[in-house]
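Keep in mind the model is a prediction, meaning the values are calculated, not measured. All values below were derived from every heavy atom in this structure, side-chain atoms included, with hydrogens, water molecules and symmetry-related copies excluded. For reference, positions follow the sequence shown, starting with 1.
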Amino acid sequence: MEKSCTLLIHFDKATPALANEIKEALESNDVEAKIDAMKKAILLLLNGETIPQLFITIVRYVLRTEDHIVQKLLLLYLEIIEKTNSQGKLLPEMILICQNLRNNLQSPNEYLRGVTLRFLCRLNNAEIIEPLIPSVLENLEHRHPFVRKNAILAIMSIYKLPQGEQLLDHAPELIEKVLSTEQDASAKRNAFLMLFNCDQERAISYLFSHIDRISDWGDQLQMVVLELIRKVCRTNKAEKGKYIKIIISLLNAQSTAVVYECANTLVSLSSAPTAIRAAANTYSQLLLSQSDNNVKLIVLDRLNELKASHKEIMVEMVMDVLRALSSPNLDIRRKTLDIVLDLITPRNIDEVVMTLKKEVMKTQSGELEKDGEYRQMLVQAIHSCAIKFPDVAGTVVHLLMDFLGDSNVASATDVAIFVREIIESNPKLRVSIITRLLDTFYQIRAARVCSYALWIIGEYCLSLSEVESGIATIKQCLGDLPFYTIKEEGDTQDDSKKSQQVNSITVSSKRPAILADGTYATQSAALETAMSPPTLAQGSLRSIGNLRSLILSGDFFLGAVVACTLTKLVLRLEGLQPSKVEINAATSNALLIMVSMLQLGQSSFLPHPIDNDSHGRILLCIRLLCNTGDAMRKIWLEKCRESFVKMLSDKQLRKSEEIRSESLISQAQPDDLIDFYHLKSRKGMSQLELEDEVQDDLKRATGEFIKEGDDANKLNRILQLTGFSDPVYAEAYVTVHHYDIVLDVTVINRTKETLQNLCLELATMGDLKLVERPQNYTLAPESSKQIKANIKVSSTETGVIFGNIVYETSKVHERTVVVLNDIHIDIMDYISPASCADVAFRTMWAEFEWENKVAINTVIQDENEFLNHIIKSTNMKCLTPQSALEGECGYLAANLYAKSVFGEDALVNVSIEKQADNKLSGYIRIRSKTQGIALSLGDKITLKQKGGA
């Protein structure tokens, strides 16, 4: 049984010579030296050293020191030293300190009296305490409240000792008298706490006799009253009604801590709608009145818990909760939106959306640094509202489209995704959305947002006027063609200069401008320069069309999207425009744009040439426009839309399945064990031990106990640390919790000699830290010893624990060292599957700097089988929907995601291709914010990927 500890301070600078230095300092007359020496002695004791020779020195030279700091340190020293022998009897030298404690309790100094009384609260030796009881009782009438309140606590701790009722049989009556006459708030609180813990009936009697004055009591005493009510109502539920009146009266208390505890108590004691509504109102008021962000986050957690159990009541409070968006803290805003989105109903959706619209408009001012990020959160919230209730989409979609040109790319991307889904799910809004998109397209500055907008234009411009406007908008944003021209200038007299070319790029762009009277006009920007395009792109390209500037900066993926969009528009124009001349003109213009992009991509003016994928897509568009067939027309104009519709329906299906699976989770199974633990024998068992015993019974009945603690399973997790031929055999059972690792090491002495000063010395590599310094042990011949070691974990990384066992024998006084095998901590113990949105996955993939690329090397020949093997080996979740992984096409790409217990994100992309010989090839890419998780996951995948090998 480990000893109880009331004081814990880390200290790793202990040396054998330190004890002698402490002794010399204590014997000196220098008070500062004594203070320093006492601190070092306490630290050594707390870290496992015994130092028995110091006790007499302290009695002789420290006991009579009048300095208050020295006396306080002396009490700490007396608190942690061993006071009993191996049989549990009080050591005879402990009697020496009783007189000193009595002197302190009768000292004229209030501080000495108070700290000595506090020391007695942590003392559980009745033999030391008994002669001090008269002095303790005298302090109940001391003039200073600091002494009185500590005297009450000392009496409470003495009364709670096993022999306490014999030592102080009249303590409750005495404290009740003190409580009736005490004026100090903290002393009164301690007196009521003593009655609450030692004589509950007296505490209840006092409470109801002064029930009219509870609102005037101090907040400390009111908190203890609430604690008493919780305890009484748990044991006697029939009397709950009369206590709830007290709680509701305290909801109007001056102290916010009391009000918060009242709400918590109401929720824990009653599920009546009135009580829950009162608690929810209290939380909402605290949310608005408190300026501390930590308090707001805690209150939001409580509201979230109420939402899970009392959703119908929380729906009424949704507008009150939304007022928390006034806080500038993003974590509070995010939590508030998460709660509100789960409380949306047809009755409150209009009010919620109206509030969110106002918040979006507030972010346009740009006063705060994180307005862009907050706007992104609001857009995602509005998006969720529009998906649940499509009727509100029309009221917000046009407002949000103003943010397609937002400088915050993530926010603009979310708006584009929102518009893409709304235009498909709300056909009535299609015409207005397309018109607005074409009017605001020139404002878009992000390539990714341009890609989304171009896809929408290509798919949903269905009428003749819309198609023509779409083609005109794209041409206008691309500017005049070609993208560049080369002019030769040279001096005929200088042969070397004749061969030089001066590059001149002529850039022309048109965009609408708003005149003073509010009408639109077209302005052109022309730029001629002899500079290279990279310099041009960095400088003056801001004044030209958005598509032109992005393509001239080398974004050929966007160029391929432009080509595909123009192809769709021209193909649709062929079915709408009766005039062949117009169709041929549009086709020629589209072909000229595509050829110009290919010419630009193969020139030497850009920092890098066009990539093969974009080059191939643009060539495919050119071939298609030159020779259009009905089959290809159907694929481009119909199948693309069908794929998108299927993706949306699959997304909604997955979300509904997740909701259904969560609702099907049962809190109790029909065959669960009903255990009447009150009928268990209580002999020698505390309440806590009883509850633990019941939990073990439950685990045995349900089979869970066998999984976690069965001996056979435990044997599989034992690690051998030394060889069978070593004089000391050691093995360890490793238990991994979230933030710490417990090593249960069994050490066996296989020799015929007694091993002295045997010590388990451990060291760690990685983000692991040894918590405590193991003690020295003496091991009898052929005996064994259980040694526990605690190691803290601070990040998700495959750590290594290594070390030695060091001991001495009586024959050979040299220290013998036995080197232990390394213990490798598995990263899988810290990773659990998790979900995240595709947009969030792509954002993190772009931001994370650590990547580990693992080549696929496996004997598995089926792509899906290999993917499932990787998911099982890495304990990750596949974000790619199952419908996208179906079929046999010879290749597969999937995204996996997991989260560690430390909140770290682990992203994995699996890209597989089947070769002609049926072997799988490709790469598994791991990305994370920290190096450790990327390397550790890579090692795990490398080890496990071969599968059946």
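- Of the inter-residue distances, the one linking Leu105 atom CG with Leu132 atom CG reads 6.0 Å to the nearest 0.5 angstrom.
- Donor-acceptor pairing under 3.5 Å is lacking for the side chains of Thr746 and Glu731.
- A search for side-chain contact (heavy atoms from CB on, under 4.5 Å) contacts involving Lys149 returns Phe146, Ser186, Ala187, Asn190, not counting sequence neighbours.
- Here the closest heavy-atom approach between residue Leu228 and residue Ala203 is recorded as CD2-CB, 4.2 Å.
- Salt bridge status for Asp184 with Lys188: absent, with no side-chain N to carboxylate O gap under 4.0 Å.
- Between the side chains of Gln71 and Asp67, no donor N or O sits under 3.5 Å from an acceptor N or O.
- Partner Leu755 forms a side chain to side chain contact (heavy atoms under 4.5 Å, CB included) with one of Thr778, Leu779, Thr816 and no other, that one being Leu779.
- Here the CG atom belonging to Leu721 is positioned 6.5 Å from the CG atom belonging to Asn821, to the nearest 0.5 angstrom.
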### Query
Checking salt bridge (Lys or Arg N to Asp or Glu O under 4.0 Å) for the pair Arg143/Glu110: CA distance, chi angles, key distance, verdict?
CA-CA 9 Å; Arg143 58 180 177 78; Glu110 298 88 356; 2.2 Å; yes
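- Shortest non-hydrogen contact noted between Val818 and Tyr807 is CG2-CE2, 3.9 Å.
- Each of Leu63, Ile35, Leu75 was compared with Val70 under the side chain to side chain contact (heavy atoms under 4.5 Å, CB included) criterion, and only Ile35 meets it.
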### Message
side-chain contact (heavy atoms from CB on, under 4.5 Å), that's the test. Do Thr764 and Val800 meet it? Break it down for me.
### Response
CA-CA 6 Å; Thr764 58; Val800 181; over 6 Å; no
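- Side chain of Ser157 to backbone of Ala154: a donor-acceptor contact under 3.5 angstrom is found.
- Every residue meeting the ring-ring contact (aromatic ring centres under 6.0 Å, His included) condition with Tyr206, not counting sequence neighbours, appears here in chain and number order: His210, Trp217.
- Summarising the local packing, CD of Gln53 is surrounded by more than 12 heavy atoms from other residues, nucleotides or ligands at distances under 6.0 Å.
- Counting only distance, with no hydrogens or angles, the side chain of Arg148 and the backbone of Leu140 share no donor-acceptor pair below 3.5 Å.
- Remark: Thr265 OG1 to Arg230 CZ distance equals 4.0 Å, nearest 0.5 Å.
- A donor-acceptor pair under 3.5 Å links the side-chain atoms of Asn103 to the main chain of Gln99, judged by distance alone.
- For Ser107 (side chain) and Leu112 (main-chain N/O), no donor-acceptor pair under 3.5 Å exists by modelled atom type.
- Of the candidates Asn104, Asn139, Asn150, Arg113 forms a side chain to side chain donor-acceptor pair (under 3.5 Å) with just one, namely Asn139.
- With rounding to the nearest 0.5 angstrom, the CG atom of Leu179 is 8.5 Å from the CD atom of Glu182.
- One finds the CG atom of Leu743 at 5.0 Å from the CD1 atom of Ile823 (value rounded to the nearest 0.5 Å).
- When all heavy atoms are compared, the tightest approach of Met194 to Ala171 is CE-CB, 3.8 Å.
- Across Cys98 and Pro131, no two heavy atoms sit closer than the pair SG-CG, 4.4 Å.
- Of all heavy-atom pairs spanning Leu26 and Thr57, the tightest one is CB-CG2, 4.0 Å.
- Taking Asp331 as the reference, Arg334 meet the salt bridge (Lys or Arg N to Asp or Glu O under 4.0 Å) condition, with sequence neighbours excluded.
- The closest side-chain donor-acceptor pair between Thr751 and Asn749 falls under 3.5 angstrom.
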